[in-house]
2 protein chains.
Amino acid sequence: MKKEKQEEYDSLKLSSQLCFPLYACSKEIIRRYKPYLDDLDLTYTQYIAMMVMWEKKSMHVKDLGEQLYLDSGTLTPLLKKLEQKGYVTRTKSREDERALVISITEAGEKLKKDAVKIPAAMGACVRLEPEEAAFLYKILYKILGEI
Amino acid sequence: MKKEKQEEYDSLKLSSQLCFPLYACSKEIIRRYKPYLDDLDLTYTQYIAMMVMWEKKSMHVKDLGEQLYLDSGTLTPLLKKLEQKGYVTRTKSREDERALVISITEAGEKLKKDAVKIPAAMGACVRLEPEEAAFLYKILYKILGEI
DNA sequence: TAAAATTAAATTGCGTACAATCTAATCATA
DNA sequence: TATGATTAGATTGTACGCAATTTAATTTTA
């Protein structure tokens, strides 16, 4: 086989790709969260949604979706579940009846007290040097920024 | 609020976490693959499965699952779909009747010719310096290696 | 200002992910 | 060699993730 052809084919190896370790790593980290999140009866996606709510207290579904890079097809059922659990409320906006306002509840705020343990536990679980973590963070946001 | 308490709460911000950009980035890259994969009528997961098959030609579902970090719950329906499309065959192993052998077909091999364009197209799509890419690759496999 | 365009959520449908369970085959060993 | 343990896949059930479509509300503009 010609050398160029072989090189082309090599690029189709899983081990030549960046996308694959990124995809596998993302799933792996989420898997490592699971035991901690199970204690709070939250899935990973519900957890990142709650993280935004803990910070912002109240916001439109649209804005939440922009923060999380998720659309209404994912968020609508997820937020209904968080409402069932009593962590948020869902109410139509007065100013714009198209928009739905998500607000954190008392119980949702309470949950935060249990959740604060998680980042530390995860930090111990993923062993990276501080410089490695910082660089990884920077590169990932560089890729996301290209959107 | 006490300073330590605030720091604890800050760790619960989406912007303080590594997991979130990793998760968002993984989805974003897969999203960027979509137009190219649509041309081949493959999903991303089907594509990485085919990447292994292009390299190995034939293997057990179990080994494929180990390569891709996927279990039979994901692979069984996925491989049935690839079989329907005519890219692989699924046959019981002679030596061990529990095992299922996945083998690439003529049509599956043909598909590789169209797929070789994808890594180059994606490289142009995700703009990282070579050192950045190399570093990212190394760190991701470091995290995966901790499994 | 009435019609057209746009926008925000919800809905539908398909394809993962993965835990948990089940079934059948194989292995280990008492 | 019978039987208990292990293993490989398949199945079931829950929860995304996202494209495409729908519905209702708002904005634009002819």
Side-chain angles (χ1 to χ4, degrees), chain A residues 19-20 23-35 37-38 40-50 59-85 88-102 147, chain B residues 20 23-35 37-38 40-50 59-85 88 90-102 147:
Chain A
C19 68
F20 177 69
Y23 155 87
C25 228
S26 168
K27 289 191 304 168
E28 170 59 17
I29 300 278
I30 289 171
R31 206 177 61 73
R32 287 187 208 174
Y33 268 97
K34 192 165 187 308
L37 293 178
D38 280 351
L40 304 191
D41 184 33
L42 288 179
T43 64
Y44 178 74
T45 318
Q46 289 165 12
Y47 170 64
I48 58 173
M50 287 306 296
M59 70 193 312
H60 288 182
V61 171
K62 182 189 183 315
D63 299 323
L64 184 59
E66 272 165 18
Q67 291 262 319
L68 301 176
Y69 302 98
L70 292 172
D71 77 356
S72 66
T74 302
L75 285 178
T76 295
L78 184 144
L79 292 170
K80 283 179 179 174
K81 243 161 261 155
L82 288 179
E83 186 185 39
Q84 272 170 32
K85 297 184 204 227
V88 302
T89 57
R90 301 164 67 250
T91 47
K92 279 246 182 83
S93 165
R94 283 284 197 86
E95 302 88 58
D96 185 341
E97 294 265 329
R98 290 170 306 182
L100 192 73
V101 178
I102 309 301
I147 296 175
Chain B
F20 177 69
Y23 156 86
C25 228
S26 168
K27 290 190 304 168
E28 170 60 17
I29 300 278
I30 290 171
R31 206 177 61 73
R32 288 188 206 172
Y33 267 98
K34 193 165 188 306
L37 293 177
D38 281 350
L40 305 190
D41 185 30
L42 288 180
T43 64
Y44 178 74
T45 319
Q46 289 165 10
Y47 170 64
I48 60 174
M50 287 306 297
M59 71 194 311
H60 289 184
V61 170
K62 181 188 185 315
D63 299 322
L64 185 58
E66 272 166 18
Q67 291 261 319
L68 301 177
Y69 303 98
L70 291 173
D71 76 357
S72 66
T74 303
L75 284 177
T76 296
L78 184 144
L79 291 170
K80 283 180 179 171
K81 242 161 262 156
L82 287 178
E83 187 185 38
Q84 273 171 31
K85 298 185 204 225
V88 301
R90 300 164 68 250
T91 47
K92 278 244 182 83
S93 164
R94 283 285 198 87
E95 303 87 58
D96 185 342
E97 295 267 328
R98 290 170 306 181
L100 192 73
V101 178
I102 309 300
I147 296 177

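A, B, ... follow the sequence lines: proteins, then strands. Residue 1 opens every chain.
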message: Looking at every non-hydrogen atom in both residues, tell me the closest pair between V88(B) and M50(B) and how far apart they are.
response: CG1-SD, 4.1 Å
message: If you assign each of T43(B) and V101(A) to its closest nucleotide in DNA chain C, which residue comes earlier from the 5' end?
response: V101(A)
- request: May I have the step-by-step check of side chain to side chain contact (heavy atoms under 4.5 Å, CB included) for R90(B) and I102(B), ending in yes or no?
  value: CA-CA 5 Å; R90(B) 300 164 68 250; I102(B) 309 300; 3.7 Å; yes
Residue whose nearest DNA chain C nucleotide is more 5′ - K27(A) or A99(A): A99(A)
- prompt: For DNA chain D, which nucleotides open and close the run of contacts to chain B, 5' to 3', at under 4.0 angstrom from a non-hydrogen atom?
  reply: dT7(D) to dA19(D)
task: For D96(B), report the nucleic acid contact type (base, sugar-phosphate, nothing); a contact means any heavy atom under 4.0 Å.
output: sugar-phosphate
query: Does L100(B) or Q46(A) map to a spot on DNA chain D nearer the 5' end, using the closest nucleotide for each?
result: L100(B)
message: If you define the side chain from C-beta out and look only at heavy atoms, does anything of I29(A) sit under 4.5 Å from Y44(A)?
response: no
task: Could you list where the contact with chain B starts and ends along DNA chain C, reading 5' to 3', using a 4.0 Å heavy-atom cut-off?
output: dG15(C) to dT26(C)
Donor-acceptor contacts, no H, no angles, side chain residues 70-84 of chain A, under 3.5 Å, sequence neighbours left out:
from: D71(A); atom 1: OD1; to: G73(A); atom 2: N; distance (Å): 3.0
from: D71(A); atom 1: OD1; to: T74(A); atom 2: N; distance (Å): 3.2
from: T76(A); atom 1: OG1; to: S72(A); atom 2: O; distance (Å): 2.9

field: Pairing residues for T91(B) by the side-chain contact (heavy atoms from CB on, under 4.5 Å) criterion, not counting sequence neighbours
entry: V101(B)
message: Restricting to salt bridge (Lys or Arg N to Asp or Glu O under 4.0 Å), what partner residues turn up for K85(B), sequence neighbours left out?
response: D41(B)
field: side-chain hydrogen bond (donor to acceptor under 3.5 Å, both in side chains) involving Y33(A) - partner list, sequence neighbours excluded
entry: Q17(B)
Residue closer to the 5' end of DNA chain D, T45(A) versus S72(A) (nearest nucleotide): T45(A)
message: By the 4.0 Å heavy-atom rule, please label I30(B) as base, sugar-phosphate, or nothing.
response: nothing
Atom of E97(A), atom of R94(A) and distance for their closest heavy-atom approach: OE2-O, 4.4 Å
- prompt: So what does L75(A) touch, heavy atoms closer than 4.0 Å: a base, only the sugar-phosphate, or nothing?
  reply: nothing
message: Does K92(B) reach a base, just sugar-phosphate, or nothing at all? Heavy atoms under 4.0 Å.
response: nothing
task: Report which part of the nucleic acid L70(A) touches: base, sugar-phosphate, or nothing (heavy-atom distance under 4.0 Å, all strands).
output: sugar-phosphate
task: Taking all non-hydrogen atoms of both residues into account, name the closest pair between Y69(A) and A24(B) and its distance.
output: CD1-CB, 3.7 Å
